[in-house]
Each structure stands twice: as C-alpha cells, then as structure tokens.
Amino acid sequence: MSQIREQWGSKLGFILAAAGSAVGIGNIWKFPSMAGENGGGAFTIVYLACILIVGLSIVVAEFVIGRKTQLSPVGAFEQLAPSSNWKWVGYLGVAAAFVILSFYGVVGGWILKYIIDSLSGGFAIVSGNTEASGTVFNSFITSTFSPIIYQVLFMGLCIFIIVQGVKGGIEKWSKIMMPLIVVLLGVLAIRGMTLEGGMEGLSFLFNPRFEDLTASAIVLALGHSFFTVSLGMGTMITYGSYLNKKQNLVTSALWVIFLDTAIAMLAGVAIFTTVFALGANPAEGPGLIFVVLPSIFPQIAGGAVWGTLFFILLFMAALTSAISILEVVTAYFIDQKGWSRKKATIQFGSIITIVGIFCSLSLGGGINITGFLGMPFFDFMDYLSAKYMLPIGGMFTAIFILKKWGLSNYMSELKIGMDKMELSPLLVRSLLTIASTIVAFIIFNEIYFEITGKALIG
Ligand code: PHE
C-alpha cells in the first residue's frame with residue numbers, strides 16, 4: 001500500500017486513454033450493424049440523444065469519483081461511504097471486467113487472425129461469395145484450438161501493456177494507437193466514398209427511416225450507449241483516479257464522447273460505402289465485419305491492403321479497450337490488496353484468459369457449455385454484461401451521488417479544474433435523475449421480459 005500512486009503524464013494522454021477505452025469493437029463492429037438494421041439515421045438520432053443525456057452525465061460522475069478518491073471502484077465507494085454496502089457497486093464493476101474481457105479477448109483473437117488472413121491474400125477464395133465467407137468464419141470460430149491460440153496472443157498483448165503501468169503502458173500506447181485509428185478510418189472512409197455507388201451507403205446510414213425504428217431499437221441504443229463509452233463498471237473511475245486536480249472533467253468527458261461518436265460514424269461511413277459500392281447486403285448484422293467485408297475487399301483494387309488496414313485499426317481499437325478493462329482488475333488488487341502491478345496483472349490476466357477459453361469453446365469447439373437461458377457461454381457473458389451489469393452499475397453510480405454522497409460534495413469536486421466554466425447544480429441533478437430513471441426502467445423492462453416473455457416496450 002506504500003506505493004506512490006501513478007499519474008497520467010499529460011491532459012491529452014488522459015483523454016486519449018479514456019477515448020481509447022471507449023472506442024472499441026462496440027464502435028466499429030456493433031454500431032454500424034445496429035444502425036443498419038434499425039432505421040439508419042433514425043437509430044443514430046436516438047443513440048446520440050442517449051449518449052448526451054445518459055452517457056455524458058455518468059462519464060463525468062465516474063471521473064469525479066475517481067479523481068476525488070484517487071482509488072479504483074471498490075476503494076472509491078468505500079472511502080466516500082465507509083462501512084456501507086456501496087462498495088458492492090465497485091465489486092460489481094470488477095466482476096463485470098472479468099465477464100467482459102473474457103469474451104472481448106476472444107473477439108480480439110478473431111481480429112488478429114483476420115489481419116493475417118487478409119495480409120496473406122486469404123480473402124481471395126471468398127471473393128464475392130458471402131456464403132463461402134460465412135462458412136469460413138463459422139468453421140474458424142467453432143474450431144477448438146485455432147481461436148484459442150489467437151485469443152491467448154491478444155490477451156498476452158494486453159497483459160504486456162498493463163504491466164508497463166499507467167503512463168508507460170496505457171498512455172503511451174493510446175497516444176500511438178488512437179491517432180492511427182482516426183487516420184486509417186478517415187482513409188478508408190474516403191476510399192469508400194470514392195468507389196462508384198459508395199455514396200448510397202451514406203444515405204443508408206444517415207437518412208432517417210423512422211418506420212424501421214422499433215421500440216426495441218430504442219432500448220438497444222440505450223444499452224449500447226453504456227457499452228460504447230465503457231460505463232458502469234468503473235473503468236472511468238479507475239482512469240479518473242490517476243488524474244491530478246488540474247483537469248477539466250466536463251470538457252474531458254465531452255472529448256471522450258465526441259471521439260467515440262465520431263469514430264463510430266466514420267466506421268459506419270467506411271463500411272457502408274464499401275458495402276453499397278459492391279452491392280452486398282447492408283443489413284447483415286453481426287456478420288457484417290467478419291463475413292461480408294472479407295468477401296468484398298478482394299473485389300476492390302488493392303483490396304488486400306485495404307482489408308489489412310481495416311483489421312489492423314479494428315485490432316488497435318479492441319486493444320485500447322481491452323487494456324482498460326484489465327486495468328480495473330489490476331487496480332483493484334493494487335489498491336485494495338497491496339499487490340504489485342506485475343503480479344496482479346499476470347495472475348488475473350491469466351485467469352481471465354482461461355475463462356475466455358471456455359467462452360471460445362462454447363461456440364462449438366469442444367466442451368458444450370450452455371450458460372444460463374440456453375445461450376452459449378460466450379453469448380451469455382455478452383448478454384449478462386451489456387444488459388445487466390453495466391446499466392445496473394451506471395444506475396447505482398448516479399443514485400450514489402444523488403442519495404448518498406450528496407450533490408454539493410459532488411459539485412465541489414467537479415468544479416475543481418473548471419476555471420470559469422459554470423454549471424448549474426439543478427442541471428446536474430436533473431441529468432443524473434433522468435439518467436438513473438431511464439436506466440432503471442430499461443433494466444426493469446428486461447427483467448420483466450425474461451420472466452413474462454413480454455416486454456413493456458420493445
Ligand atoms: N467501450 C468498449 C467498446 O466499445 C467496450 C468496453 C466496455 C470497454 C466496458 C471497457 C469497459 O468496444
């Protein structure tokens with residue numbers, strides 16, 4: 001416990017690290033396919049509203065709690081509300097980190113494999129044939145060893161970065177990878193728009209088709225706004241705990257949200273322009289990235305290069321998110337148990353990798369573990385975290401401020417570093433109240449659906 005707490009090296013470093021956590025598979029894989037299936041621009045509008053109301057207020061809340069206590073979630077809640085049950089919100093976060101990283105690491109592995117396939121010209125055999133591409137993808141993810149080897153490699157890289165610490169690991173790598181992600185995506189988006197027929201992809205993504213926007217799509221947008229900004233499990237508390245008092249937490253949060261949203265949109269542009277130019281099916285859903293894209297890249301001039309660049313940028317986005325998840329676990333063992341960074345990271349990174357192996361195997365590669373609710377263990381871990389753990393964690397964080405810590409204590413920490421910027425306590429209270437109410441309703445709706453088979457909305 002006697003270790004001196006690490007700090008970010010610069011304001012920009014912190015913003016890029018936090019944005020690196022936010023920008024991940026969720027932006028490039030999940031958002032475009034969700035928007036594609038659920039009304040294009042109509043979905044995007046709802047998503048933006050969710051991010052601005054719910055996302056923004058909870059990102060700021062997490063930063064404030066982290067910076068105030070200089071501790072990761074469990075210790076932070078314990079310090080602000082000693083001898084109470086609030087520390088369980090912190091434990092829920094640590095548990096969520098285990099759950100998310102176990103399946104996230106598996107997808108990270110798939111991405112690594114696709115970089116290699118694209119580089120070696122392996123997409124050529126599925127050129128123009130989505131069905132063949134689907135078969136290749138399925139036989140890969142349902143095989144026993146190959147996905148595990150890539151997953152272990154991906155997790156090894158995460159552990160390698162986290163062992164190097166906050167400034168020397170997370171910040172250093174985020175500063176390299178985040179600008180690269182933006183540049184590569186920008187290039188791919190321009191490439192897509194200049195393909196013949198590519199512009200149609202833009203109208204697919206941005207023209208609102210309200211008739212396709214169902215109530216369940218609205219629920220989906222809300223749930224996704226937690227996942228995409230890494231909320232509700234203390235990632236942003238942990239990152240905020242390495243801050244000094246000079247940072248303006250509101251502008252930092254705005255930057256993180258802006259970058260997260262801009263990158264999701266840019267990914268949508270890059271993907272849909274290409275999909276439309278080649279006449280592929282835009283509403284493919286989750287198969288868009290691993291099935292449709294590999295079948296269309298070989299049809300574009302220089303396709304192997306574009307494909308490789310795409311999977312490299314997806315890999316970097318996944319890695320900067322995965323490290324932030326591992327950091328929550330590592331920070332817990334450093335702060336609460338007094339462990340060294342190296343020991344905490346290696347031990348728990350390995351345990352998460354092992355849980356991840358079971359996720360991978362549950363897709364068909366051997367042991368048939370059907371989790372609860374009859375889903376493969378992999379899907380169950382995704383479902384459990386995105387639908388319950390993150391929203392519940394986020395909701396309790398907002399309630400904690402309103403009901404336990406107190407708005408005035410919260411505001412006095414929030415104001416530090418804001419210079420002349422003014423914030424009305426009434427506005428802050430209203431946003432936190434709206435956020436927690438909406439989220440409570442969504443969670444209730446989900447549980448009601450699981451029990452009765454009918455949702456109140458959606
Ligand atoms: N925000 C990440 C993404 O969009 C996922 C993530 C969730 C990261 C929760 C950290 C914590 O892919």
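Read the numbers this way: they start at 1 and go in the same order the structure lists the ligands and their atoms.
In summary, the atoms of ligand 1 found under 4.0 Å from a heavy atom of Ala22, numbered by their order in the structure, are 1 (N), 2 (C), 3 (C), 4 (O). Near Gly26, the atoms of ligand 1 lying under 4.0 angstrom from a non-hydrogen atom of the residue are 3 (C), 4 (O), 12 (O). Listed by atom number, the atoms of ligand 1 under 4.0 Å from Ser321 heavy atoms are 2 (C).
A distance of 10.0 Å separates CG in Leu213 from CZ in Arg209, rounded to the nearest 0.5 Å. Annotation: the span from Ile416 atom CD1 to Leu243 atom CG amounts to 12.0 Å, rounded to 0.5 Å.
By the 3.5 Å distance cut-off applied to N or O atoms, Leu390 is not counted among the residues near ligand 1. Annotation: Phe227 places an N or O atom under 3.5 Å from an N or O atom of ligand 1; distance criterion only.
When non-hydrogen atoms are compared, ligand 1 lies under 4.0 Å from the side chain of Met233 (C-beta onward) but not from its backbone. The part of Ser324 lying near ligand 1 is the side chain, judged by heavy-atom distances below 4.0 Å. Within the 4.0 Å heavy-atom criterion, the part of Tyr104 lying near ligand 1 is the side chain and not the backbone.
Salt-bridge annotation for Arg5 and Asp335: present, with a side-chain N of the basic residue lying under 4.0 Å from a carboxylate O of the acidic one. Classification of Glu327 and Arg341 as a salt-bridged pair holds, one side-chain N sitting under 4.0 Å from a carboxylate O.
No side-chain donor-acceptor contact under 3.5 Å links Gln151 and Ser360.
Screening Val250, Leu231, Ile51, Val54 against Val59 for a side chain to side chain contact (heavy atoms under 4.5 Å, CB included) leaves a single residue, Leu231.
When only non-hydrogen protein atoms are considered, atom 8 (C) of ligand 1 lies nearest to Ser230 OG, 3.3 Å.
Contact annotation: the side chain of Trp173 never approaches that of Thr320 to less than 4.5 Å [non-hydrogen atoms, C-beta and beyond].
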